Amino acid sequence: MRQHMLNGRLVAALLALVCLLGVTAYVEVRQDLPQAVNVRNNAGVNAPVAV
């Protein structure tokens with residue numbers, strides 16, 4: 001019985017850890033996304049124009 005409870009708590013702790021890591025990664029990617037989009041869209045602004 002104790003082993004079963006311990007396994008349940010271990011699974012719950014691992015699930016919580018995965019959720020926290022996922023949320024952290026999502027927040028980091030979401031913060032970096034506008035900067036990456038701006039760099040990509042402004043890449044040709046200062047490029048010489050072919051005449």
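Since the structure is predicted, the reported quantities are computational estimates derived from the model, not experimental observations.
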J.: Do any pairs count as a side-chain hydrogen bond (donor to acceptor under 3.5 Å, both in side chains) and have a residue in residues 11-21, sequence neighbours left out, and if so which ones?
T.: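 side-chain hydrogen bond (donor to acceptor under 3.5 Å, both in side chains) check on residues 11-21 returns no pairs.
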J.: Can you tell me which residue pairs pass the side-chain hydrogen bond (donor to acceptor under 3.5 Å, both in side chains) test with a partner in residues 4-22, sequence neighbours excluded?
T.: Gln3-Asn7
J.: Each residue besides Leu10 in its hydrophobic cluster should be listed here, by chain and number; the cluster joins Ile, Leu, Val, Met, Phe, Trp and Tyr at side-chain heavy-atom distances under 4.5 Å.
T.: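 Besides Leu10, the cluster holds Leu14.
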J.: Apply the hydrophobic cluster definition, ILVMFWY joined by side-chain contacts under 4.5 Å directly or through others, and give me every member besides Leu21.
T.: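 Leu21 clusters with Leu17.
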J.: What residue pairs, at least two apart or across chains, pass side-chain hydrogen bond (donor to acceptor under 3.5 Å, both in side chains) with a residue in residues 10-22?
T.: none
